[in-house]
Amino acid sequence: MTTAPARATSTPAPDPEPATATTTASGSTRLRSAVQRERPPLRRALDAAVGEESVTSAWAAASAAWLRRVVWPVLEPITGFGWAVLIGTVAALGGGIALGWKELIVIGLVGALLLIAGIAFVVGRNRYRIELDLAYTRVVVGERALGRIEIHAASQKPLLPATIEVPVGTALASFHLPRMQPGDVHEDVFAIPTSRRTILQVGPVRSVRGDPVGLLRRQVKWTDPVELYVHPKTVQLDESAPGLIRDLEGITTRDLTNSDIAFHALRDYVAGDDRRYIHWKSSARTGTLMVRQFEQTRRSVLALGLSTSPEDYGDPAEFETAISILGSLGVQAVRDEMDVVVQTSRRTLPASTGKRLLDALSGVEWSPRDDRLLDLAATIAREHAGASVIMLHAGAGVEPTLVRRARTLLPSQARVIVFTVGKGAKPRLQPMGDTMLATVGSVSDLPRVMRGVALQ
């Protein structure tokens with residue numbers, strides 16, 4: 001690699017700007033002093049004592065940092081029941097000594113002994129090497145998902161029994177770890193429920209030590225959490241089913257260009273035009289050079305829209321079916337190397353690959369604050385105006401009149417198909433002008449519906 005030679009430099013002339021800066025700083029200092037003089041004397045005294053830049057404020061910040069660093073790790077193992085026993089112990093001892101009640105003193109001593117015994121159970125540090133492994137990080141709803149933890153005793157001394165906990169979403173898997181000798185390996189396998197589409201956070205794996213009474217509980221994290229994607233159910237579509245969105249030449253627009261595929265007309269030659277597009281027969285007949293002019297074509301874009309408003313659905317199962325239909329269409333379009341955009345009522349989902357699309361759909365939830373189908377159509381028209389085919393997905397809460405209103409908001413050149421999911425409904429296609437309304441009861445009906453749409 002060639003390095004540019006060093007250039008000789010001279011000392012630059014002094015910059016007059018610093019003087020201006022000094023003047024400005026001095027002006028701001030005078031202004032701050034004037035503002036301070038305008039404040040009442042009592043207010044100035046309070047600011048000096050407890051203000052943001054006072055010694056008291058700095059001491060409070062240092063004390064808070066010391067409490068978080070030193071005191072909190074000591075108090076963290078105390079459970080709610082342990083705090084109750086601690087407070088009761090202090091109150092019993094204080095009241096018994098002050099009032100001379102031997103019964104209260106005995107109760108306080110018993111509580112103190114329980115706390116001391118509990119400390120003996122949690123003092124010390126177990127040394128483990130724990131591995132968390134999932135058989136699959138991506139499964140379909142209803143498929144079996146398994147996890148495995150492997151625990152190695154990394155201490156030179158025997159380790160006391162402990163409890164191993166693995167958080168799985170909002171649930172908790174708990175395992176009893178027996179007494180381990182140096183070099184021992186313990187393995188446990190657990191099943192993960194996948195009854196609904198979601199993104200589960202598995203882990204972190206933590207070891208828990210505590211006393212039998214439940215006064216103290218000390219836990220140590222050993223692994224990082226792992227995400228498990230539970231994908232929606234999808235169906236395989238025939239290659240001919242999405243033929244309406246496959247376009248090798250793109251869609252023709254009204255924009256004119258000098259080079260493309262769709263021929264439009266002839267015009268006079270202008271200096272700089274490509275001679276390859278000169279139409280020689282017309283040039284010979286008119287006596288002037290004539291060149292071909294074309295209509296600009298654009299690559300087809302499939303826009304998939306999903307309403308996440310509960311008002312557009314009659315049942316949560318309809319929402320899951322709508323997601324499955326969208327996922328099936330999106331994965332097939334990605335497989336056919338189409339340009340796909342996916343828009344929900346709240347955000348745009350990544351759809352560069354089928355895996356990324358299904359991962360994103362795993363975390364989609366509905367919310368009463370989300371917009372309905374009409375606002376979703378307006379968002380697609382604004383952000384994806386170049387889409388050639390638009391497919392909207394909603395539930396039985398969407399009526400044909402709402403579909404007609406949504407169509408008026410979408411680009412006029414786009415072909416629009418609206419999928420409405422009805423629980424137990426029979427598949428049906430209903431033309432509404434240049435819009436196709438498809439009613440689907442189950443995702444398994446989608447291949448037949450798409451074949452019908454391709455024939456329209």
Side-chain angles (χ1 to χ4, degrees), residues 61-90 111-137 145-194 198-230:
S63 300
W66 179 81
L67 290 174
R68 288 193 302 267
R69 185 178 65 257
V70 179
V71 178
W72 175 246
V74 177
L75 301 179
E76 186 179 11
I78 305 177
T79 63
F81 180 57
W83 279 110
V85 172
L86 177 61
I87 295 173
T89 299
V90 174
L113 291 176
L114 289 176
L115 290 172
I116 294 173
I119 294 174
F121 279 92
V122 298
V123 165
R125 180 178 179 86
N126 290 339
R127 296 184 179 273
Y128 300 110
R129 183 169 59 84
I130 302 179
E131 298 177 2
L132 173 63
D133 181 36
L134 299 182
Y136 301 99
T137 57
L146 296 177
R148 181 182 66 89
I149 56 173
E150 190 174 275
I151 306 169
H152 300 258
S155 176
Q156 301 297 326
K157 300 179 181 179
L159 299 177
L160 296 175
T163 301
I164 300 297
E165 294 182 348
V166 183
V168 181
T170 58
L172 183 67
S174 181
F175 310 94
H176 174 70
L177 187 64
R179 181 183 178 91
M180 299 182 67
Q181 299 295 329
D184 286 354
V185 178
H186 181 80
E187 183 178 356
D188 274 304
V189 178
F190 58 96
I192 303 174
T194 59
T198 185
I199 301 177
L200 288 174
Q201 180 172 292
V202 183
V205 179
R206 60 196 184 205
S207 61
V208 179
R209 293 177 59 183
D211 62 286
V213 182
L215 301 178
L216 303 176
R217 173 188 170 91
R218 182 185 177 188
Q219 57 185 24
V220 180
K221 297 179 181 179
W222 297 97
T223 66
D224 294 326
V226 179
E227 287 187 334
L228 173 66
Y229 294 90
V230 183

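Start at 1 with the first residue, then count along the sequence.
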**Q** Side chain of T198, backbone of L200: donor and acceptor closer than 3.5 Å?
**A** no
**Q** Let me confirm one number: the CD1-CG distance from I78 to L215, rounded to the nearest 0.5 Å.
**A** 9.5 Å
**Q** Taking R218 for the side chain and V122 for the main chain, is one N or O donor matched with an acceptor at less than 3.5 Å?
**A** yes
**Q** Taking the side chain as everything from C-beta on, heavy atoms only, tell me whether Y229 gets closer than 4.5 Å to T137.
**A** no
**Q** In Å, rounded to the nearest 0.5 Å, how long is the span from CZ of F175 to OG1 of T163?
**A** 11.5 Å
**Q** Out of curiosity, D133 CG to E187 CD, how far, rounded to the nearest 0.5 Å?
**A** 9.5 Å
**Q** For atom CD of Q156, decide whether the heavy atoms of other residues, nucleotides or ligands shown that lie under 6.0 angstrom number more than 12.
**A** no
**Q** Please check if the number of heavy atoms outside R127 that lie under 6.0 Å from its CZ is greater than 12.
**A** no
**Q** Using only atom types and a distance under 3.5 Å, with no angle test, would you say the side chain of R209 pairs donor to acceptor with the backbone of F121?
**A** yes
**Q** For T79 and G214, indicate whether the former's side chain and the latter's backbone hold a donor-acceptor pair under 3.5 Å.
**A** yes
**Q** Hey, are the side chains of L160 and R179 touching, using non-hydrogen atoms and a 4.5 Å cut-off?
**A** yes
**Q** I'd like to check P77 versus R217 (side-chain heavy atoms, cut-off strictly below 4.5 Å). Are they in contact?
**A** no
**Q** Do P167 and Q201 touch side chain to side chain, with heavy atoms closer than 4.5 Å?
**A** no
**Q** To check you understand the geometry: which heavy-atom pair defines the closest contact between M180 and I151, and what is its length?
**A** CE-O, 3.8 Å
**Q** Identify the heavy atoms of L216 and I119 that sit nearest to each other, and give their distance.
**A** CD1-N, 3.4 Å
**Q** Minimum heavy-atom separation for A153 to Q181, with atom names?
**A** CB-O, 3.4 Å
**Q** Which pair of non-hydrogen atoms, one from A145 and one from L228, has the smallest distance, and what is that distance?
**A** CB-CD2, 4.1 Å
**Q** Could you tell me which residues satisfy side-chain contact (heavy atoms from CB on, under 4.5 Å) with T223, sequence neighbours excluded, listed by chain and number?
**A** I130, L132, P204, V205
**Q** Taking S207 for the side chain and I164 for the main chain, is one N or O donor matched with an acceptor at less than 3.5 Å?
**A** no
**Q** How are the rings of W222 and Y128 set to each other: parallel, tilted or perpendicular (split at 30° and 60°)?
**A** perpendicular
**Q** Looking only at heavy atoms, what is the nearest atom pair of V189 and R148, with distance?
**A** CG2-CG, 4.2 Å
**Q** With a 3.5 Å distance limit and no angle check, can you tell me whether D188 reaches the backbone of I149 through a side-chain donor-acceptor pair?
**A** no
**Q** Return the CG to OG1 distance between L113 and T89, rounded to the nearest 0.5 Å.
**A** 9.5 Å
**Q** Between A154 and R129, what is the shortest heavy-atom contact and its length?
**A** CB-N, 4.4 Å
